[in-house]
Amino acid sequence: MRIIVVGGSGFLGSELARRAVAGGHQVAATYLTRPGRAEGAEWLELDVRDRAAVAGRIAAFGADVVVNAAYRPADWATTAVGAAHVAGAVSGSGGRLVHVSSDAVFSGKEVVYAETSVPDPISPYGAAKAAAEVAVRAIVPGAAIVRTSLIIGDGGSPHELFVHALAAGREGVLFTDDVRCPVHVGDLAAALLELTGPGAAGVHHVAGADAVSRYELGCLVARRDGLDPARLPTGSRAATDLGGPLDVRLDCRVTRARLRTRLRGAREFLS
């Protein structure tokens, strides 16, 4: 199968490209500023904000599947408009589309959200992700939209790097009231590859089995890496003026039932 990973130089995109190559697929992966680290993939420079460039790249590669993992938290043009450009390119050239979305599309008012829950974002990033979902579903009705949560790995994720920086004395805090369902990047990448197959149209929730605060997650990372959790400062997000939801938990039972990949919880994969 020919797979192109849009946003392939990111933390998730690189793992996805690596696993796709290992699975025997012909893989291209795109980057904006520098190639990623997946050996065996064809690296292509691409700015998803450029509609013509996106259409040209995807058509030239002749992908059977396009996985869109490109986003920039503070950039509507990349996260929302870029997703529409990718969907338009897939619609024009054929093939299947898997679009990576986020639990940020929800406000946290209901706390637990199923695949059928209607997005109600309260942050600019969440609004961009929700708009991207609308565009993808309108342009490619058969697309698979995969909402996920905090992505953790074996040392390279932004949250893990932040924990190490805090333990070394950097300023900042880990919130005790900011709750998510972290997923291991390997589990998420494996699930995404499963959802590239036919019959995966619709919305899927792929997150970890445990709901934990950012502080508890930080403590788990610290213990795994031999750091002292007591060095991690805590705080309350509700006491700040930061926007966005506090407690969002993705109900993954429907998607989990169709996957071979087991979605482990943070308490397991960080033990």
Side-chain angles (χ1 to χ4, degrees), residues 5 7-20 22 36-38 67 69-73 100-106 108 113 125-126 129 146-168 170 172-195 204-229 231-235 237 244-252 255-256 259 261-271:
V5 181
S9 60
F11 182 62
L12 171 60
S14 290
E15 176 67 12
L16 182 58
R18 186 190 69 78
R19 284 178 175 257
R37 295 172 297 190
V67 182
Y71 77 98
R72 299 178 87 179
V100 181
S101 190
S102 168
D103 57 10
V105 302
F106 297 119
Y113 293 88
Y125 174 60
K129 277 295 193 181
V146 181
R147 296 182 186 132
T148 191
S149 190
L150 287 178
I151 304 173
I152 305 298
D154 298 317
S157 71
H159 189 83
E160 291 165 282
L161 296 174
F162 184 53
V163 169
H164 277 250
L166 290 176
R170 174 180 162 181
V173 299
L174 292 171
F175 296 126
T176 57
D177 56 351
D178 189 336
V179 177
R180 298 293 186 273
C181 297
V183 64
H184 193 279
V185 66
D187 296 349
L188 176 56
L192 286 169
L193 286 174
E194 285 194 57
L195 294 169
H204 306 274
H205 283 183
V206 178
D210 298 331
V212 299
S213 70
R214 288 181 186 264
Y215 173 67
E216 182 182 354
L217 181 61
C219 290
L220 290 169
V221 170
R223 293 189 187 100
R224 181 199 64 185
D225 296 345
L227 305 174
D228 183 3
R231 294 185 59 84
L232 302 178
T234 65
R237 182 168 181 171
L246 289 178
D247 192 341
V248 176
R249 311 178 188 202
L250 295 180
D251 182 345
C252 303
T255 301
R256 191 181 292 122
L259 293 174
T261 301
R262 191 167 69 86
L263 301 176
R264 297 169 294 165
R267 296 185 185 98
E268 177 182 350
F269 65 72
L270 288 171
S271 64

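Note that these values count all heavy atoms, side chains included, but never hydrogens, waters or copies made by symmetry.
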Non-hydrogen side-chain atoms of [X] and [Y] separated by less than 4.5 Å:
X	Y	result
R262	E268	yes
R214	T234	no
S102	Y125	yes
V67	L195	no
P233	L166	yes
S271	R267	no
D251	Y113	no
L192	V146	yes

Can you see which heavy atom on [X] is nearest to which on [Y], and at what distance?
X	Y	result
S149	R180	OG-CB, 3.3 Å
R231	A168	NH2-C, 4.3 Å
L227	P229	O-CD, 3.2 Å
T255	H205	OG1-N, 3.1 Å
I151	S157	O-CB, 3.3 Å
C181	L250	SG-N, 4.0 Å

In Å, rounded to the nearest 0.5 Å, how long is the span from [atom1] of [X] to [atom2] of [Y]?
X	Y	atom1	atom2	answer
F11	L188	CZ	CG	10.0 Å
L263	R256	CG	CZ	5.5 Å
R223	L220	CZ	CG	6.0 Å
L246	F175	CG	CZ	9.5 Å
D225	H164	CG	NE2	3.5 Å
R264	L270	CZ	CG	9.0 Å

| query | Stepwise, does the side-chain contact (heavy atoms from CB on, under 4.5 Å) test hold for V173 with Y215? | reply | CA-CA 8 Å; V173 299; Y215 173 67; over 6 Å; no
| query | Do you know which of D178, D247, T176 makes side-chain hydrogen bond (donor to acceptor under 3.5 Å, both in side chains) with R237? | reply |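 Only match with R237 under side-chain hydrogen bond (donor to acceptor under 3.5 Å, both in side chains): D178.
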| Do side-chain atoms of S14 reach the backbone of G8 as a donor and acceptor pair under 3.5 angstrom? |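 Side chain of S14 to backbone of G8: a pair is present.
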| Is it true that a side-chain atom of T148 and a backbone atom of A207 form a donor plus acceptor pair closer than 3.5 Å? |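 Such a contact is absent between T148 side chain and A207 backbone.
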| Within 6.0 angstrom of F106 CZ, more than 12 heavy atoms from elsewhere |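 Yes, CZ of F106 has more than 12 neighbouring heavy atoms, counting only those of other groups under 6.0 Å.
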| Given L150 and V183, is the side-chain contact (heavy atoms from CB on, under 4.5 Å) satisfied, shown in steps? | CA-CA 6 Å; L150 287 178; V183 64; over 6 Å; no
| query | So V221 and E160, side-chain contact (heavy atoms from CB on, under 4.5 Å) or not? Walk me through it. | reply | CA-CA 7 Å; V221 170; E160 291 165 282; 4.0 Å; yes
| request: In plain terms, say whether D103 and R147 are close enough for a salt bridge, that is, a side-chain N and a carboxylate O under 4.0 Å apart. | output: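 Judged by the 4.0 Å cut-off on N to carboxylate O distance, D103 and R147 do not form a salt bridge.
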| said: What verdict does the side-chain contact (heavy atoms from CB on, under 4.5 Å) test give for I152 and V185, after you've listed the backbone C-alpha separation in whole Å, the side-chain angles of each residue and the deciding distance to 0.1 Å? | reply: CA-CA 6 Å; I152 305 298; V185 66; over 6 Å; no
